[in-house]
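Working notes, beginning with the structure itself.
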Amino acid sequence: MDAITENLDAFWSGFLTSLGICLWAMVGSLFLGTVLAGCRVSPVPPLRAFGTWWVTTFRNTPLTVVLFFFAFGLPAIGINASFYFFGVSGLVVYTSAFVCEAIRSGINSVSAGQAEAARSIGLTFGQSLTLVVLPQALRTVVPPLGSVIIAMFKNSAVVGAFGVGGDLFSTGATLTSAQGYANLPVITGVAIGYLAITLPAGAILQVIERRVAISR
Amino acid sequence: MARVLAMTRATPVNSDGNGDRPPLVEMTGVNKWFGDLHVLADINLTITRGEVVVVIGPSGSGKSTLCRCINRLEPIQKGRIAIDGKVLPEEGKDLARLRSEVGMVFQSFNLFAHKTILDNVTLGPIKVHKESKDQARSRATALLERVGIAEQADKFPAQLSGGQQQRVAIARSLAMDPKVMLFDEPTSALDPEMINEVLDVMTQLAKDGITMVVVTHEMGFARRAANRVVFMDGGHIVEEATPEEFFTNPTSDRAKSFLSKILTH
Ligand SMILES: Nc1ncnc2c1ncn2[C@@H]1O[C@H](COP(=O)(O)OP(=O)(O)OP(=O)(O)O)[C@@H](O)[C@H]1O
Ligand SMILES: [Mg+2]
């Protein structure tokens, strides 16, 4: 246990970095995934095609490969940014495909008559979606969306491994390989760090689930 | 050209002078297919301001589709549909604006399940007409009074009976001050004792001069409120006549056989 107590500072800052990656990626992928779901159900064929292409591409590509493209592919074509930015962006792009599909299934669970009624009073497609369909889709969407987001929190470890540095995962790697601490206690510390993110997330999720179930 | 066609075709059969008024809904050579199924075949139909047209016909004859094409919930493949002189635009902001001028009442009510009755009625005026919340609310309250359900304003749709929900749906459409209202079998999903409360509201609207297209098999309503009955079969308009003529003396065989079936119960 010395490995943990002696390096509390390192673990703490690793935890904060990981938490930051998770939160940015969550906000980004929820937003992008919602927009993509809107594309996939829109009456405009090119938008639908774009949404389908996005989901097909990124849902079927391993996260590590997506991150490779961001971290090494983009600089190669002259787009430069920090590893942190590339890492979070890669995670957002990858996760948005799953978010999109979770939200789309929720949209499909709302009866078509709701959107038709919305459109026939003159709401635009975007208004029908945001004012009528999505609020009703929310109830069915929260549980699957929660799973997607928690999976993403864990995937953030892959981003760390890719050289963002300073996050929980790479802190663990540094402590074991560079500073010679024993594997098991360090990895236990890392695991505790991730659980400190995912367990509260699960609890918050349940609260949200209960809230949206009542408000109706 | 379309105008000429429409004029020759659709002089309203009632004699209250509607004939001089410009057409409000013009359907010219409208054709629609679902895959191989020819749902609407060369439909020519013109409805003038203030007219009440009842559409009647066997199941699957294309009545709902006809209604849904008028506000482009269903696109057509051939022909032309114009509302108040404007051809239905492609999907987009213009279409949304045009739809706000065409009210629609569905068989299954389709009230917004997550909104209160009052919010159902104010949503369109606030979001589409950019009315202030106060103004929208006071107008909505007046409309709910007009359809007889002002006391239910704060409830959710699921807490209302079918007849009440349908009257809210009518109020929701009216709140947009539509030029024409489409009703697709508005009483078919209702228990018998609720049918009349909805038909009464619709009869009053007809008296108030609202232009209406009503798909219904309620002959009492057709006789009371309609200027014209349009009989459809197999995607065609087979017959057009005043309610009196149509029900007492249909000319086509198909209308005769259809009427003999629905008159027996
Ligand atoms: N979205 C659709 N896709 C494929 N076929 C459809 C669709 N909507 C309707 N149809 C078919 O088109 C035909 C006409 O349907 P429509 O709903 O307009 O008939 P209707 O006269 O309203 O009948 P009903 O009295 O049963 O409501 C039917 O054969 C129906 O099965
Ligand atoms: Mg129908």
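Every chain is numbered from 1, with letters handed out A, B, ... down the list of sequences.
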- Message: With a 4.5 Å cut-off on side-chain heavy atoms, are A:Tyr194 and A:Ser18 touching?
- Response: yes
- Task: Could you look at B:Arg68 and say if it's the side chain, the backbone, both or neither that has a heavy atom under 4.5 Å from chain A?
- Result: side chain
- Side chain / backbone / both / neither for B:Leu95 at chain A, heavy atoms under 4.5 Å: neither
- Name the orientation class of the two ring planes belonging to A:Phe72 and A:Phe83 (parallel below 30°, tilted from 30 to 60°, perpendicular beyond 60°). perpendicular
- Query: Parallel under 30°, tilted from 30 to 60°, perpendicular over 60°: which one fits the rings of A:Phe15 and A:Trp12?
  - Reply: parallel
- If you tally heavy-atom pairs under 4.5 Å against chain B, which of A:Ser128, A:Gly126, A:Ala118 wins? A:Ala118
- Task: Check step by step if side-chain contact (heavy atoms from CB on, under 4.5 Å) holds for B:Val55 and B:Cys67.
- Result: CA-CA 9 Å; B:Val55 181; B:Cys67 253; over 6 Å; no
- Item | Pairs of heavy atoms under 4.5 Å with chain A: top-ranked of B:Asn71, B:Val102, B:Leu98, B:Leu111 | B:Leu111
- Item | Distance in Å, B:Thr122 OG1 paired with B:Lys127 NZ, rounded so as to fall on 0.5 Å steps | 9.5 Å
- Task: Tell me the residues of residues 23-57 of chain A whose non-hydrogen atoms fall below 4.5 Å from those of chain B, in number order.
- Result: A:Pro43
- Query: How about B:Asp154: does its CG atom have over 12 heavy atoms from other parts shown lying under 6.0 Å from it?
  - Reply: no
- Task: Kindly check if the number of other-residue, nucleotide or ligand heavy atoms within 6.0 Å of CZ (B:Phe112) is above 12?
- Result: yes
- Message: For a salt bridge (Lys or Arg N to Asp or Glu O under 4.0 Å) check, start with the C-alpha distance between B:Arg139 and B:Asp134, then their side-chain angles and the critical distance, and finish with the verdict.
- Response: CA-CA 9 Å; B:Arg139 283 210 312 118; B:Asp134 285 343; over 6 Å; no
- Given that the side chain runs from C-beta out, which part of A:Gln127 has a heavy atom under 4.5 Å from chain B: side chain, backbone, both or neither? side chain
